[in-house]
Amino acid sequence: SESWVRRVKQERREQGKVGPATKRRRTPKWAGEAAEIRAAITAQPDLTLAELRSELGTTLSRMTLCRALRQLRLTLKKKS
């Protein structure tokens with residue numbers, strides 16, 4: 001709306017603000033367990049996410065573990 005644009009322009013002119021007021025920089029829930037995750041995958045690379053969860057004894061969800069593995073650049077390898 002016009003009033004919003006007017007307020008943004010006024011803030012920029014008076015305060016020099018050009019970006020959002022706050023930025024969220026959260027640490028992920030799994031960050032504290034990153035070393036344990038790496039060790040478990042190194043020891044047994046063929047674990048499923050459910051098995052990894054029980055191996056770690058954690059309350060993290062399977063999706064959280066999946067995201068952690070992706071960000072740590074670890075993959076689950078199945079025995080063939």
Side-chain angles (χ1 to χ4, degrees):
S1 69
E2 291 179 27
S3 60
W4 179 81
V5 172
R6 193 177 324 111
R7 275 196 315 271
V8 170
K9 289 172 77 175
Q10 181 182 358
E11 282 183 6
R12 181 176 180 205
R13 183 177 57 246
E14 293 175 358
Q15 301 171 4
K17 290 172 69 176
V18 291
T22 59
K23 292 183 182 176
R24 238 173 106 170
R25 294 203 172 133
R26 263 187 6 178
T27 56
K29 290 181 180 180
W30 56 265
E33 300 182 31
E36 291 88 0
I37 293 172
R38 283 185 194 275
I41 295 300
T42 302
Q44 275 187 297
D46 64 333
L47 289 173
T48 63
L49 290 173
E51 291 170 343
L52 177 61
R53 183 179 179 204
S54 64
E55 177 79 24
L56 295 172
T58 185
T59 59
L60 296 173
S61 69
R62 287 184 298 140
M63 191 63 213
T64 301
L65 287 173
C66 184
R67 287 185 188 119
L69 291 174
R70 198 174 316 130
Q71 287 186 350
L72 292 171
R73 296 187 179 175
L74 298 172
T75 58
L76 298 173
K77 309 258 188 213
K78 287 292 168 196
K79 292 179 187 175
S80 50

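E14 and Q10 share a donor-acceptor pair across their side chains, judged by distance under 3.5 Å alone.
Taking CZ from R67 and CZ from R70, the interatomic distance works out to 7.5 Å, rounded to the nearest 0.5 Å. The CD atom of E51 sits 13.0 Å away from atom CZ of R53, with the distance rounded to the nearest 0.5 Å. How far CG of L74 is from OG1 of T42: 7.0 Å, rounded to the nearest 0.5 Å. Here the CG-CD1 distance, from L47 to I37, works out to 12.0 Å after rounding to the nearest 0.5 Å. Once rounded to the nearest 0.5 Å, the distance linking CZ of R62 with OG1 of T48 reads 8.5 Å. Rounding to the nearest 0.5 Å gives a distance of 11.5 Å between CG of D46 and CG of L52.
Residues C66 and L49 share a closest heavy-atom pair of CB-CD1, 4.0 Å. Residues T75 and I41 share a closest heavy-atom pair of O-CG2, 3.9 Å.
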